[in-house]
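These notes concern the structure reproduced below.
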Amino acid sequence: MGLARPALRPDPSLSRAEMEALQRDIAAAATFEDDHALDPAAVAVDEAASLADGLPPARDGAQERLGAGAGAESADASGSTGDPDAPTVVGVDQAFLTDRGEGRPDAAVSAAVALCGGRVIEYASATTPLSIPYVPGLLAFREGEPILAALDALDADPDLLVCDGSGRIHFREAGLATHVGVLHDVPSVGVAKSLLCGEPDESTSERPAGWRTPVRADDAVTTAEPGTVIGHAFQSRQYPNSRRVNPLYVSPGHRVSAETAVDLVAALCAGYKLPEPTRLADAHAERAKHDAE
DNA sequence: GCGACAG
DNA sequence: ATCTTGTCGC
């Protein structure tokens, strides 16, 4: 298993043609199948963290288990709350520092938040200068290194990565989540708030929470047969009387099937539009950003 | 040449 | 993504 693939790093100094070629290599190295036993039920988060009083403190699973012994409340071992044996899910997201004077972002503040049994066990972040502008389809070359830096700063060992952006829903089936998943050789899923390419089977408007439909490759996806299921549109949240929330676009990053990817994200959502790992990483990146300025 | 496109 | 007030609806 030839891991440690420095040749596949999202080096921003490459030419556009080289970046695209590298993405085809990334896609070829990626696996869009379940080659592990990641059970959506095992990673489920059943209670959303309240951000009203700031981010929840990171808890050590072992200490938590010992501490719980004192109370008489033990129990629901069937639940996911704080189970130290549950898989470690890591959410990654970024915020940007904008240069005073210039109107453009100057550096990326990447955050990684590790959850175990639905609870935060660790926060990490890294600030990295930005080297190239945002180009649709080449996001990983702008945000890849910053994200890898945040993951390097994390002690926890991820069983699943949840990235903010597409995975297989990409022109060359090599979105940000695929880059990061392949480089770490860890299962990963991409969660995007808008659709980069591909075509949903059904209209996505006015859908109730829990609804989903496959997203299939169209002509814009150059590496897959048109019609191939590359992800799903997933309505994670909806208000009772108005149907104004847009769906999420969930796709496999690496070592996960399109079906399992949505099931995992559905299990990681706890009442908000974004899955908890992403929501917490978002808040942590924002906090790190403000602490930096 | 025009369109269309994660963050 | 970021720059921002109020505003409508949970």
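Here is how names work: the chains are called A, B, and so on, in the same order as the sequence lines, proteins then strands, and each is numbered from 1.
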(message) Taking the basic N atoms (NZ, or NE/NH1/NH2) and the acidic carboxylate oxygens, is any pair closer than 4.0 Å for A:Glu173 and A:Arg168?
(response)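 Salt bridge: yes.
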(request) Could you tell me whether A:Arg212 and A:Asp263 have a side-chain N and a carboxylate O separated by less than 4.0 Å? (result)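 Salt bridge present between A:Arg212 and A:Asp263.
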(request) Kindly write out the residues that satisfy salt bridge (charged side-chain N to carboxylate O under 4.0 Å, His left out) with A:Arg255, not counting sequence neighbours, or none if the list is empty. (result)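 By the salt bridge (charged side-chain N to carboxylate O under 4.0 Å, His left out) rule, A:Arg255 matches A:Asp35, A:Asp185.
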(request) Using the closest heavy atom to pick a nucleotide of DNA chain C for each, name whichever of A:Asp282 or A:Asn241 lands nearer the 5' end. (result)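 Mapping each residue to its closest nucleotide by heavy atoms, the 5'-most match is A:Asp282.
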(message) Quick check: on DNA chain C, is the nucleotide nearest A:Lys289 upstream (toward 5') of the one nearest A:Arg244, or the reverse? Name the residue that is more 5'.
(response)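 Comparing both residues, the 5'-ward one is A:Lys289.
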(message) Which Ile, Leu, Val, Met, Phe, Trp or Tyr residues join A:Phe96 in one cluster when any pair of side-chain heavy atoms under 4.5 Å counts as a link?
(response)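 For the cluster that includes A:Phe96, the remaining residues are A:Leu130.
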(request) Using distance alone, with no hydrogens and no angle criterion, decide if A:Arg207 and A:Gln235 have a side-chain donor and acceptor under 3.5 Å apart. (result)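 A:Arg207 vs A:Gln235: no donor-acceptor pair found between side chains.
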(message) What contact category does A:Ala108 fall into here, base, sugar-phosphate, or nothing, at under 4.0 angstrom with non-hydrogen atoms?
(response)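 The answer is nothing, as A:Ala108 stays clear of every strand by at least 4.0 Å.
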(request) Give the rounded distance in Å between these two atoms: NZ of A:Lys273 and C1' of C:dC10. (result)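 A:Lys273 atom NZ is separated from C:dC10 atom C1' by 16 Å.
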Are any protein N/O atoms closer than 3.5 Å to N/O atoms in nucleotides 4-7 of chain B? If there are, list each pair with its distance.
from  : atom 1 : to       : atom 2 : distance (Å)
B:dC5 : O4'    : A:Leu196 : O      : 3.3
B:dA6 : OP2    : A:Tyr134 : OH     : 2.7
B:dA6 : N7     : A:Gly137 : N      : 3.1
B:dA6 : N6     : A:Gly137 : O      : 3.0
B:dA6 : N6     : A:Leu138 : N      : 3.4
B:dA6 : N6     : A:Leu139 : N      : 3.1
B:dA6 : N6     : A:His170 : NE2    : 3.4
B:dA6 : N1     : A:Leu176 : N      : 3.1
B:dA6 : N3     : A:Ser166 : N      : 3.0
B:dG7 : OP1    : A:Lys193 : N      : 2.7
B:dG7 : OP2    : A:Ser194 : OG     : 3.2
B:dG7 : O3'    : A:Asp164 : OD2    : 3.0

(message) Does A:Thr223 form a side-chain contact (heavy atoms from CB on, under 4.5 Å) with A:Val221? I'd like the steps, not just the answer.
(response) CA-CA 6 Å; A:Thr223 56; A:Val221 182; 4.3 Å; yes
